[in-house]
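Heads up: the structure comes next, in structure tokens.
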Amino acid sequence: MEVESEALMLGGEAANTANALVRWGREVVLAGNGMGVGPDADLLHELIEDKGLCGSLLKAGQQRQEEFGDPTPVCDIYITPDGERTMFGRGFAEMRPEIEAGDLPLGRGALFTAEPNMAEASRSVAKHAVEMGMRCYLMDFTRDDEPIAPGSFWQSSTDWAGFRNNTQKNVQWVKAWIAKYGCFTILSDGPNGFVAGAPDMPARAYPPYPAQDVVDTTGAGDMFRAGMLFGLDQGWPTAMCLQFASAAGCLKCRALGATTDVPTVDEVLAYTAEHEPVSRQYL
């Protein structure tokens, strides 16, 4: 298939999630790997600043990056007409953290989220966040020895865990994960919706909201995570958090890229109200 067009955009799971939360008026601190040096790094700095993201922690090791020539992680994403995507990355194997876990601004009671792209560094910070008394929301931590604390939130998709296109098996998988870690568990399965449960909430399937115009599914899971974090920060009931997250992830698919078109809070709430029969199944 011939490539019809190309666009350069901000991406990455952490940046995608942070971007949505900032658009919704939440205060976010973004930390992670270094951004490297050279034209790609300059563009990445510019994109982060344009989005109004707090990227000061990403610049902590700039001198070291210039000395060693650290690469800028870049991902090429090919979007087909049906909105599905294929990704090829470079520079990710060399990623290193820019700040030690003990130097991060972690505060008791605040929300912390991470994904394991930084491997052991991510797991070290997640453990430290638990020790600091933070409310943790971990995404795609799927090993058998993950730092998932009881009472925390965990999210992944059938790209990494469970079974694609098999809701019944996914319900059983989620039950087993809850029994092992004691966490609120969410396992999404693309157009099949998701399965969620917790020690005090039976695991069951939740339907997806209808996506009318699917342009690009890139970042839908990150938008879902942002929606959950937004609802948790507001103190919403669990069902409302799940409704908001699911609808936000659905609306994200209407635009190219993961950070170009964040639906407003009013848009998401209106979407859940418009599709009341779906929303009712979350109660």
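A quick note: this is a predicted structure, and the numbers were derived from the prediction, not measured. Counting begins at 1 with the first residue of the sequence.
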Checklist entry - What pair of heavy atoms forms the shortest contact from Ala126 to Cys136, and how long is it? => result O-SG, 4.5 Å

Item to check | Shared hydrophobic cluster, Met9 / Ile79 (ILVMFWY, side-chain heavy atoms < 4.5 Å) | outcome: yes

Checklist entry - Is Trp236 reachable from Met201 through a run of I, L, V, M, F, W or Y residues, each pair having side-chain heavy atoms under 4.5 Å apart? => result yes

Next on the checklist: Tell me the closest heavy-atom pair linking Val278 and Pro208, and the distance in Å.
Outcome noted: CG1-O, 3.8 Å

Checklist entry - Hey, mind stepping through Thr158 and Phe163 against side chain to side chain contact (heavy atoms under 4.5 Å, CB included) and telling me if it holds? => result CA-CA 6 Å; Thr158 52; Phe163 305 87; 5.7 Å; no

Item to check | Close side-chain approach of Ser122 to Glu115, heavy-atom, < 4.5 Å | outcome: no

Checklist entry - Mind checking whether Glu146 and Leu138 have side chains closer than 4.5 Å, heavy atoms only? => result no

Item to check | Minimum side-chain heavy-atom gap Ile186-Leu242 below 4.5 Å | outcome: yes

Checklist entry - At what distance, to the nearest 0.5 angstrom, does CZ of Phe244 lie from OG of Ser279? => result 12.0 Å

Next on the checklist: Test your reading of the model: is there a side-chain donor-acceptor pair from Thr113 to the backbone of Tyr137, 3.5 Å cut-off?
Outcome noted: yes

Checklist entry - Is any side-chain heavy atom of Thr259 closer than 4.5 Å to a side-chain heavy atom of Leu47? => result no

Item to check | Hydrophobic cluster identity match, Met228 and Val265, side-chain contacts under 4.5 Å | outcome: yes

Next on the checklist: Distance check, rounded to the nearest 0.5 Å: Thr260 atom OG1 versus Leu10 atom CG?
Outcome noted: 10.5 Å

Checklist entry - What residue pairs, at least two apart or across chains, pass salt bridge (charged side-chain N to carboxylate O under 4.0 Å, His left out) with a residue in residues 169-189? => result Asp144-Lys180

Next on the checklist: Under the criterion side chain to side chain contact (heavy atoms under 4.5 Å, CB included), I'd like the reasoning laid out for Leu106 against Phe112: C-alpha separation, chi angles, the key distance, then a yes or no.
Outcome noted: CA-CA 8 Å; Leu106 306 179; Phe112 168 86; 4.1 Å; yes

Item to check | Same apolar cluster: Leu269 and Tyr271, side chain cutoff 4.5 Å | outcome: yes

Checklist entry - Taking only residues two or more places apart in sequence or in another chain, which ones pass side-chain contact (heavy atoms from CB on, under 4.5 Å) with Cys183? => result Ile148, Ser152, Trp154, Trp177, Tyr181, Thr185

Next on the checklist: Under a plain distance cut-off of 3.5 Å, with no hydrogens placed, do Asp266 and Thr264 share a side-chain donor-acceptor pair?
Outcome noted: no

Checklist entry - Is the NZ atom of Lys127 crowded by more than 12 outside heavy atoms at less than 6.0 Å? => result no

Checklist outcome for this item: Value for OG1 (Thr218) from NZ (Lys252), rounded to nearest 0.5 Å, stands at 6.0 Å

Item to check | Heavy-atom closest contact (Pro210 atom, Cys250 atom, distance) | outcome: O-SG, 3.3 Å

Checklist outcome for this item: Residue pairs passing the ring-ring contact (aromatic ring centres under 6.0 Å, His included) test with at least one member in residues 201-221, sequence neighbours excluded, are Phe194-Tyr206, Tyr206-Tyr282, Tyr209-Tyr282

Checklist entry - When rounded to the nearest 0.5 angstrom, what is the spacing between CG in Asn19 and CG in Leu53? => result 5.5 Å

Checklist entry - Any donor-acceptor pair under 3.5 Å linking the side chain of Arg90 with the backbone of Asp76? => result no

Checklist entry - Excluding sequence neighbours, so at least two apart, what forms side-chain contact (heavy atoms from CB on, under 4.5 Å) with Pro73? => result Asn33, Phe92, Met95

Item to check | Sequence neighbours excluded, every pair satisfying salt bridge (charged side-chain N to carboxylate O under 4.0 Å, His left out) that has a member inside residues 205-220 | outcome: none

Next on the checklist: Before you tell me yes or no, could you show the steps for Ser156 and Asp140 under side-chain hydrogen bond (donor to acceptor under 3.5 Å, both in side chains), namely the whole-Å CA-CA distance, both residues' side-chain angles and the distance that decides it to 0.1 Å?
Outcome noted: CA-CA 5 Å; Ser156 192; Asp140 294 336; 2.8 Å; yes

Checklist entry - Side chains of Asp40 and Met35: does their closest heavy-atom pair fall under 4.5 Å? => result no

Checklist entry - Under a 4.5 Å cut-off applied to non-hydrogen side-chain atoms, are Asp222 and Met139 in contact? => result yes

Next on the checklist: I need the Trp173 CH2 to Asn166 CG distance, nearest 0.5 Å.
Outcome noted: 14.0 Å

Next on the checklist: Under 4.0 Å between a side-chain nitrogen and a carboxylate oxygen: does that hold for Glu276 and Arg280?
Outcome noted: yes

Checklist entry - Short question: side chain of Asp233, backbone of Leu229 - any donor-acceptor pair under 3.5 Å? => result no

Item to check | Charged N-O contact under 4.0 Å between Glu13 and Arg225 | outcome: no

Next on the checklist: A side-chain contact here means heavy atoms from C-beta on lying under 4.5 Å apart; do Leu251 and Met223 qualify?
Outcome noted: no

Checklist entry - Same cluster for Leu44 and Ile77 if Ile/Leu/Val/Met/Phe/Trp/Tyr side chains link at under 4.5 Å? => result no

Checklist outcome for this item: For Pro207 and Ser246, the nearest pair of non-hydrogen atoms, with its separation, is O-OG, 4.3 Å

Checklist entry - So which heavy atom on Ala18 is nearest to which on Leu30, and how close? => result CB-CD1, 4.2 Å

Checklist outcome for this item: Note: with side-chain heavy atoms under 4.5 Å as the link, the other cluster members for Tyr78 come out as Val3, Phe88

Next on the checklist: How about CZ on Arg108, more than 12 heavy atoms from neighbouring residues, nucleotides or ligands closer than 6.0 Å, or not?
Outcome noted: no

Checklist outcome for this item: Closest non-hydrogen atoms of Pro199 and Ile178, given as atom of the first, atom of the second and distance, are N-CG2, 3.6 Å

Next on the checklist: With rounding to the nearest 0.5 angstrom, report the NE2 to CE distance, His128 to Met134.
Outcome noted: 9.5 Å

Next on the checklist: Is any side-chain heavy atom of Arg204 closer than 4.5 Å to one of Val171?
Outcome noted: no

Checklist entry - Are Thr217 and Arg85 close enough, and set up right, to give a side chain to side chain contact (heavy atoms under 4.5 Å, CB included), and what steps lead you there? => result CA-CA 7 Å; Thr217 59; Arg85 79 278 190 201; 3.2 Å; yes

Checklist entry - What do the steps show when you test Leu283 against Gln243 for side chain to side chain contact (heavy atoms under 4.5 Å, CB included), and what is the final call? => result CA-CA 9 Å; Leu283 301 178; Gln243 289 172 346; 3.9 Å; yes

